[in-house]
Amino acid sequence: MLSEVVVVPSTQHPMAPSTDETTVLTLPSTSESADSSQGLSGIILDGQWRLDTLRPKDLNAVAAICKESFPLDYPQSWYEDVVTGRFIAYGVFYGQTLTSLLVAEIKKIADCDNEDKGLDSDPESLVVYILSLAVSSAYRRRGIATVLLDYLLKTYVNNAFPKLVFLHVLSTNYGAISFYKRSGFKHYSTIPNYYYIDNTYQSGSTFVLYTARSVSPYSVSAMFNYVLAYVCRPFRALFRSKFC
Ligand SMILES: CC(C)(COP(=O)(O)OP(=O)(O)OC[C@H]1O[C@@H](n2cnc3c(N)ncnc32)[C@H](O)[C@@H]1OP(=O)(O)O)[C@@H](O)C(=O)NCCC(=O)NCCS
């Protein structure tokens with residue numbers, strides 16, 4: 001179980017020059033014993049940097065990071081869900097400033113979109129789905145997304161039953177795709193018309209990280225689900241609210 005940490009509020013604006021500006025963050029090895037059933041109560045990363053759960057006080061900061069990072073508008077109810085415990089949701093803070101967020105959920109393959117059901121041959125398999133990952137632009141390329149992902153893998157994937165983690169990303173989001181590939185994710189499929197952005201349909205790509213047993217992602221049922229999803233996609237994209 002993680003011990004509670006007390007973080008002294010920053011007296012310096014996070015954008016002001018400081019030695020922390022160039023800090024490359026890593027997840028401390030002690031967090032490997034993190035227990036997901038206990039929730040996250042704060043992990044000091046380095047100085048004023050800490051990993052912590054997103055709470056209602058963070059709603060405006062979460063909304064600001066999402067608006068800056070994604071070309072889609074999330075409904076207000078989504079932000080409320082993120083900060084009130086509906087999802088696995090945490091971020092890296094610099095002092096009191098939220099710099100980033102990762103939102104994920106654990107669900108059965110049977111409850112995934114049809115085109116993703118072939119990720120595992122057992123419909124009862126539990127998988128981790130990343131709904132959202134974003135780092136505020138002022139804080140990118142210093143390892144923050146890597147820390148967020150490492151925590152997810154150590155706490156919710158390697159320790160427990162889910163055998164894979166996956167996500168969807170805009171197919172032209174090359175920076176994010178580089179990040180995921182560098183983190184070990186493999187391209188699983190490209191889904192035409194997955195996103196509806198600025199009155200235009202755009203492709204999404206599914207990336208997956210298998211952590212344990214092998215699967216047969218190209219089974220007959222997987223191919224059937226993929227074709228079905230392709231036909232239905234333009235209608236569903238109109239109502240899509242998640243963006244990773
Ligand atoms: C993608 C994103 C989350 C990466 O966050 P980050 O904290 O900057 O990532 P890290 O510092 O942990 O990057 C680790 C490595 O991933 C790769 N990487 C990260 N961002 C990259 C980019 N824009 N272009 C190319 N490679 C990138 C690099 O290899 C990097 O290592 P390096 O800095 O030593 O070269 C961030 O750019 C972001 O929030 N983008 C906007 C929102 C978004 O696209 N989210 C993902 C949608 S699914």
Side-chain angles (χ1 to χ4, degrees), residues 34-37 39 54 70 72 74-75 77-82 84-90 101-133 148-149 151-171 176-177 180 183-196 201-244:
D35 179 353
S36 60
S37 67
L54 298 178
F70 301 125
L72 289 179
Y74 288 101
S77 59
W78 192 83
Y79 299 124
E80 288 164 8
D81 286 343
V82 165
T84 53
R86 178 176 167 193
F87 303 114
I88 299 163
Y90 52 88
L101 56 96
L102 188 153
V103 182
E105 64 181 342
I106 297 175
K107 57 185 183 179
K108 287 182 183 175
I109 277 285
D111 298 327
C112 294
D113 291 348
N114 279 334
E115 63 269 42
D116 299 323
K117 288 192 165 110
L119 285 164
D120 193 296
S121 53
D122 179 0
E124 293 302 305
S125 282
L126 289 166
V127 297
V128 179
Y129 180 57
I130 299 178
L131 289 90
S132 193
L133 170 65
L148 293 170
L149 183 61
Y151 182 77
L152 184 79
L153 297 176
K154 285 176 178 169
T155 308
Y156 295 96
V157 182
N158 286 343
N159 281 356
F161 32 86
K163 301 296 193 300
L164 64 89
V165 52
F166 78 104
L167 57 99
H168 298 113
V169 58
L170 191 65
S171 298
I177 287 172
Y180 286 119
S183 304
F185 284 74
K186 306 284 183 216
H187 178 261
Y188 171 70
S189 64
T190 298
I191 311 166
N193 304 324
Y194 189 75
Y195 295 108
Y196 188 68
Y201 289 105
Q202 298 192 38
S203 297
S205 296
T206 307
F207 278 82
V208 59
L209 180 68
Y210 289 107
T211 60
R213 68 182 172 190
S214 61
V215 297
S216 175
Y218 300 108
S219 63
V220 172
S221 66
M223 296 309 288
F224 174 78
N225 285 330
Y226 187 84
V227 171
L228 186 66
Y230 180 86
V231 172
C232 299
R233 175 57 50 198
F235 305 103
R236 290 165 54 200
L238 286 170
F239 301 101
R240 186 165 305 284
S241 63
K242 68 195 173 201
F243 184 85
C244 181

Quiz prompt | Tyr180 side chain to His187 backbone, donor-acceptor under 3.5 Å | solution = no

Quiz item: On the ring face of Tyr129, is Lys107 found with NZ or CZ under 6.0 Å from the centre and within 45° of the axis?
Solution: yes

Quiz item: What residues, two or more places apart in sequence or in another chain, satisfy side-chain contact (heavy atoms from CB on, under 4.5 Å) together with Ser183?
Solution: Leu149, Phe179, Phe185

Quiz item: Taking Ser203 for the side chain and Ser171 for the main chain, is one N or O donor matched with an acceptor at less than 3.5 Å?
Solution: no

Quiz item: Does the side-chain contact (heavy atoms from CB on, under 4.5 Å) test come out yes or no for Asp113 and Tyr194, once each step is laid out?
Solution: CA-CA 11 Å; Asp113 291 348; Tyr194 189 75; 3.7 Å; yes

Quiz item: Would a 4.5 Å heavy-atom cut-off, applied to side chains only, mark Val127 and Cys112 as touching?
Solution: yes

Quiz item: At what distance, to the nearest 0.5 angstrom, does OH of Tyr156 lie from CD1 of Ile88?
Solution: 5.0 Å

Quiz item: CG of Leu209 to CG of Leu164: how many Å apart, nearest 0.5 Å?
Solution: 8.5 Å

Exercise. Report the C-alpha distance between Tyr210 and Leu119 in whole Å, list the side-chain angles of each, state the deciding distance to 0.1 Å, and finish with yes or no for side-chain contact (heavy atoms from CB on, under 4.5 Å).
Key: CA-CA 9 Å; Tyr210 289 107; Leu119 285 164; 3.8 Å; yes

Exercise. Given side-chain contact (heavy atoms from CB on, under 4.5 Å), test Trp78 with Val103 step by step and report yes or no.
Key: CA-CA 11 Å; Trp78 192 83; Val103 182; 4.1 Å; yes

Quiz prompt | Those residues that, when tested against Glu80, pass salt bridge (Lys or Arg N to Asp or Glu O under 4.0 Å) (two or more places apart) | solution = none

Quiz item: salt bridge (Lys or Arg N to Asp or Glu O under 4.0 Å) with Asp81: which residues, sequence neighbours excluded?
Solution: Arg86

Quiz prompt | Heavy-atom closest contact (Gly204 atom, Tyr195 atom, distance) | solution = CA-CE1, 3.8 Å

Self-check item: Intermediate values then yes/no, side-chain contact (heavy atoms from CB on, under 4.5 Å), Leu133 and Leu167
Solution: CA-CA 10 Å; Leu133 170 65; Leu167 57 99; over 6 Å; no

Quiz item: Lys108: what forms a side-chain hydrogen bond (donor to acceptor under 3.5 Å, both in side chains) with it, not counting sequence neighbours?
Solution: Glu124

Quiz prompt | Gap between atom CZ of Phe87 and atom CD1 of Ile130 - 0.5 Å precision | solution = 13.5 Å

Quiz prompt | side-chain contact (heavy atoms from CB on, under 4.5 Å) against Thr206, all qualifying residues, sequence neighbours excluded | solution = Asp116, Phe166, His168, Tyr188, Ser189, Ile191

Quiz item: For Ile177 and Phe207, which heavy atoms make the closest approach, and how far apart are they?
Solution: CG2-CZ, 3.7 Å

Self-check item: Sidechain-backbone polar pair: Tyr90 side chain, Leu148 backbone, donor-acceptor under 3.5 Å
Solution: yes

